[in-house]
Amino acid sequence: MSSSDWVSTSLPYLTPRPQGRGDAWSDEAAAQGRKGTQRITHAGEVPAPPAVAELLGVSGGELVVVRRRVIELDGEPCELTDTFYPVRIARGTRLAGTAKIRGGAVTLLAELGHVGVRVREDVTARAPSAGECETLRIDPDEPVLRLSRLTLDAEDRPIQLDLMTMPAHRQRLRYEIRIG
């Protein structure tokens with residue numbers, strides 16, 4: 001299976017994992033005989049860009065915590081992911097650091113008392129930026145998919161926002177929805 005055959009589903013990334021388990025990405029890749037890794041390129045507090053502020057329900061420029069990652073499949077970059085958290089949730093936690101989080105961020109959020117119960121995803125396509133071309137090793141004429149995933153808690157408060165950018169020709173997104 002080549003990276004162009006990759007099918008991505010959201011569910012493994014939305015639920016806390018049992019203690020001692022690896023992260024969802026590494027496990028998903030391993031289940032398909034592949035190696036999934038990620039590099040954290042930045043973590044810490046930043047002023048919220050307007051679109052992030054709107055989705056997280058904070059004021060434009062208000063501080064939020066971000067974790068910026070390059071996701072790799074078999075050593076090749078396949079996705080850029082920026083994950084944002086309100087500072088009320090993430091300040092002073094491992095979410096604000098560059099170390100890998102055992103079990104993943106969703107597991108840590110649950111340990112901190114923040115459990116997602118609803119997710120809203122939006123997918124768009126666009127031309128890549130110069131930086132995205134360089135990092136993802138794609139040509140400027142190759143479109144990227146931008147997936148925005150907002151996770152809300154039981155009180156409908158945003159607890160996490162993922163902004164993922166991936167080469168369109170290497171991805172297929174699958175949504176399975178249980179009705180009733």
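FYI, the numbering just counts along the sequence from 1.
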**Q** State the CD-CD distance between Glu76 and Glu72, to the nearest 0.5 angstrom.
**A**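 Rounded to the nearest 0.5 Å, the CD-CD separation comes out at 8.0 Å.
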**Q** Does the distance from a Lys or Arg side-chain N to an Asp or Glu carboxylate O, for Glu111 and Arg102, drop under 4.0 Å?
**A**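 No, this pair does not count.
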**Q** Go through it in stages, so that I can follow the logic: the residues are Asp156 and Arg118, the test is salt bridge (charged side-chain N to carboxylate O under 4.0 Å, His left out), and I'd like the CA-CA distance, side-chain angles, deciding distance and then a yes or no.
**A** CA-CA 8 Å; Asp156 226 24; Arg118 187 167 68 92; 2.7 Å; yes
**Q** Does the side chain of Thr81 pick up a donor-acceptor pair with the side chain of Asp162 at under 3.5 Å?
**A**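 Note: Thr81 and Asp162 side chains miss the donor-acceptor criterion.
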**Q** Between Thr83 and Arg67, is any side-chain donor less than 3.5 angstrom from a side-chain acceptor?
**A**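 No - no donor-acceptor pair under 3.5 Å links their side chains.
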**Q** Taking the side chain as everything from C-beta on, heavy atoms only, tell me whether Glu142 gets closer than 4.5 Å to Arg137.
**A**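 Side-chain contact under 4.5 Å: no.
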**Q** For the backbone of Glu155 and the side chain of Asp153, can you confirm whether one donor and one acceptor N or O come within less than 3.5 Å of each other?
**A**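 The answer is yes, because a donor-acceptor pair under 3.5 Å joins these two groups.
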**Q** Picking from Val64, Leu109, Val66, Leu161, what satisfies side-chain contact (heavy atoms from CB on, under 4.5 Å) with Tyr85?
**A**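 For Tyr85, the side-chain contact (heavy atoms from CB on, under 4.5 Å) test succeeds with only one of Val64, Leu109, Val66, Leu161, which is Leu109.
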**Q** Sub-3.5 Å donor-acceptor pair from the side chain of Glu134 to the main-chain atoms of Gly131, do we have one?
**A**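 The answer is no, because no donor-acceptor pair under 3.5 Å joins these two groups.
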**Q** Sequence neighbours left out, cut at 3.5 Å: what donor-acceptor pairs do the side chains of residues 41-58 make with other protein atoms?
**A**
from  : atom 1 : to    : atom 2 : distance (Å)
Thr41 : OG1    : Arg68 : O      : 3.2
Glu45 : OE1    : Arg91 : NH2    : 2.9
Glu45 : OE2    : Arg91 : NE     : 2.7

**Q** Flag yes if more than 12 heavy atoms outside Glu62 fall under 6.0 Å of its CD atom; otherwise flag no.
**A**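 More than 12 heavy atoms, drawn from other residues, nucleotides or ligands, come within 6.0 Å of this atom.
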**Q** Tell me whether the count of non-hydrogen atoms from other residues, nucleotides or ligands lying under 6.0 Å of CZ in Arg126 goes above 12.
**A**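 Yes, because the 6.0 Å sphere around CZ of Arg126 holds more than 12 heavy atoms from other groups.
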